[in-house]
Amino acid sequence: MIRINGKQANVQYFPDGTLLLKEDVSADNKEAEITLQWNYEKNEELLTLYFLTRHLQSSGYENIVLNMPYIPNARQDRVKNAKDVFTLKYFAELINSLHFRRVQVLDAHSAVSLALIDRIWQVTPQKYIEQVIAKIEQESGKKPLMFYPDEGACKRYSGMFLLPYCFGIKTREWDTGEIKALSIVGETERICESDVLIVDDICSYGGTFLYAAKELVKWGAKNIDLFVSHCEESILNGKLYTCKEVRQIYTTDSIFRQKEDPRIKVLTENEEAYLGKEKL
């Protein structure tokens with residue numbers, strides 16, 4: 001979905017399936033900042049974004065900001081052989097060709113994305129995670145123990161919160177990527193009878209988090225919740241979605257659209273109301 005200054009773009013189609021776009025952004029000051037909000041849903045939106053941006057620039061607007069919480073193609077951030085197409089690199093080249101004044105993203109999945117996209121500004125998910133922590137504390141009377149599934153997540157998030165934490169060290173099958181074992185290190189003595197909040201950046205089917213949750217249960221964790229900045233809707237087809245080990249899943253509206261799902265709470269800019277902060 002693409003919005004221009006908060007208003008959803010008027011996207012229609014000709015009978016042949018090509019885009020029919022009509023946008024009139026009226027501003028007395030051509031130097032006024034225009035914000036394009038892109039919450040990724042499908043690849044075709046990239047072409048829509050390109051057309052709309054060029055239309056605005058042709059109309060005299062140059063101070064254009066792209067707010068793109070989720071970075072498409074970030075998973076293809078490296079190539080191993082000549083057959084692999086480096087889609088992230090070429091995606092970044094196209095975004096850079098539009099010369100946005102700033103490209104704002106949320107919790108980028110890959111540091112390569114941050115290096116390839118010009119004038120990028122990364123926002124951390126700290127405010128969202130703090131709301132989840134407050135919700136858990138409201139229900140149990142104490143803050144949760146933080147758990148990060150791997151060392152990368154630990155480095156990324158542990159400094160945001162003055163809370164005890166543990167993290168996982170995964171052993172994977174080299175060829176398949178399958179997790180064979182997970183060692184838990186850190187303040188492990190705190191796990192037993194504690195509420196635990198797992199935090200990471202992205203979730204597809206949720207196998208990693210389910211594996212971690214089962215290990216935490218073995219250590220005696222009381223209630224386990226999960227926060228991921230970006231939750232792909234493929235999670236609905238994974239075992240994590242129906243498992244008993246994880247009590248509640250939290251994410252942002254960067255790519256997950258089903259806001260009424262009882263299993264997954266979607267946090268937006270108005271997440272305080274959604275989580276019941278008014279009762280705190």
Side-chain angles (χ1 to χ4, degrees), residues 106-109 123-172 179-231 235 238-252 254 256 261-267 271-272 274-277 279-280:
L106 172 67
D107 200 10
H109 174 61
V123 177
T124 76
Q126 182 172 348
K127 69 174 184 177
Y128 298 107
I129 299 171
E130 286 176 344
Q131 290 300 320
V132 178
I133 292 171
K135 180 68 172 177
I136 294 171
E137 184 179 19
Q138 178 189 26
E139 294 175 347
S140 68
K142 59 182 180 179
K143 290 181 170 62
L145 174 71
M146 307 298 286
F147 179 79
Y148 309 109
D150 53 42
E151 293 173 275
C154 184
K155 292 177 181 178
R156 184 192 298 247
Y157 304 112
S158 61
M160 295 180 186
F161 313 100
L162 298 176
L163 293 174
Y165 66 87
C166 298
F167 66 93
I169 299 177
K170 292 179 283 191
T171 301
R172 289 184 181 273
I179 299 175
K180 292 298 183 180
L182 177 73
S183 300
I184 298 179
V185 297
E187 300 179 65
T188 55
E189 71 281 0
R190 295 177 177 267
I191 298 176
C192 188
E193 292 302 312
S194 289
D195 288 340
V196 179
L197 176 59
I198 302 174
V199 174
D200 209 352
D201 63 334
I202 192 166
C203 175
S204 292
Y205 294 96
T208 296
F209 305 119
L210 179 55
Y211 199 108
K214 288 182 176 180
E215 289 299 313
L216 288 165
V217 168
K218 292 178 184 178
W219 281 80
K222 185 178 180 181
N223 296 303
I224 301 172
D225 296 290
L226 168 67
F227 171 88
V228 287
S229 298
H230 312 289
C231 186
I235 191 177
K239 293 181 179 179
L240 177 70
Y241 185 74
T242 56
C243 79
K244 297 179 180 180
E245 288 84 357
V246 176
R247 178 175 60 175
Q248 186 69 64
I249 301 167
Y250 298 90
T251 189
T252 73
S254 63
F256 194 80
D261 191 291
R263 186 83 167 95
I264 303 173
K265 292 189 181 298
V266 180
L267 314 182
E271 73 275 12
E272 292 87 354
Y274 191 87
L275 284 176
K277 187 179 179 183
K279 297 178 183 179
L280 297 181

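- In this structure, SG on Cys203 lies 6.5 Å from CG on Leu226, to the nearest 0.5 angstrom.
- Summarising the geometry, atom CD1 belonging to Ile136 is positioned 6.5 Å from atom CG belonging to Asp195; distances are rounded to the nearest 0.5 Å.
- By the 4.5 Å heavy-atom criterion applied to side chains, Ser194 and Glu187 are not counted as neighbours.
- Comment: Asp225 engages Arg247 in a salt bridge, judged by a side-chain N to carboxylate O separation of less than 4.0 angstrom.
- Inter-residue side-chain proximity for Phe147 and Leu216 is flagged as met; some heavy-atom pair is nearer than 4.5 Å.
- By the side chain to side chain contact (heavy atoms under 4.5 Å, CB included) test, Thr188 is found to be paired with Cys166, Ile184, Ile191, Trp219, residues two or more places apart in sequence or in another chain being considered.
- Of the inter-residue distances, the one linking Leu267 atom CG with Gln131 atom CD reads 8.0 Å to the nearest 0.5 angstrom.
- Using a 4.5 Å cut-off on side-chain heavy atoms (C-beta onward), Leu210 and Val246 make no contact.
- Between the side chain of Tyr157 and the backbone N or O of Asp201 there is at least one donor-acceptor pair closer than 3.5 Å.
- You'll find the side chain of Thr208 stays beyond 4.5 Å of the side chain of Asp150, heavy atoms only.
- In this structure the side chain of Lys265 never reaches within 4.5 angstrom of the side chain of Ile249, judged on heavy atoms.
- Using a 4.5 Å heavy-atom cutoff, the side chains of Ile224 and Val217 are in contact.
- Two residues are said to be in side-chain contact when any heavy atoms from C-beta on lie closer than 4.5 Å; Pro125 and Asp107 meet this criterion.
- Partners of Cys192 according to the side chain to side chain contact (heavy atoms under 4.5 Å, CB included) rule, which considers only residues two or more places apart in sequence or in another chain, do not exist here.
- Under the 3.5 Å distance criterion, with hydrogens and angles disregarded, a donor-acceptor pair is assigned to the side chains of Asp261 and Tyr241.
- In this structure, CG in Asp200 is found 10.0 Å from CZ in Phe227, a value given to the nearest 0.5 Å.
- Rounding to the nearest 0.5 Å gives a distance of 5.5 Å between OH of Tyr148 and OG of Ser158.
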Assess whether side chain to side chain contact (heavy atoms under 4.5 Å, CB included) is satisfied between Leu145 and Leu163, documenting all intermediate values.
CA-CA 7 Å; Leu145 174 71; Leu163 293 174; over 6 Å; no
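- If you take CD on Gln248 and CD on Glu139, they are separated by 8.5 Å, rounding to the nearest 0.5 Å.
- In summary, Glu137 and Lys143 engage in a salt bridge, as defined by a charged side-chain N under 4.0 Å from a carboxylate O.
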Would Glu130 and Lys127 count as a salt bridge (charged side-chain N to carboxylate O under 4.0 Å, His left out) here? Give the steps.
CA-CA 5 Å; Glu130 286 176 344; Lys127 69 174 184 177; over 6 Å; no
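- No more than 12 heavy atoms of other residues, nucleotides or ligands lie within 6.0 Å of OH in Tyr165, so this atom counts as exposed by the packing criterion.
- In plain terms, the two heavy atoms of His230 and Ser254 that are nearest each other are ND1-OG, 2.7 Å.
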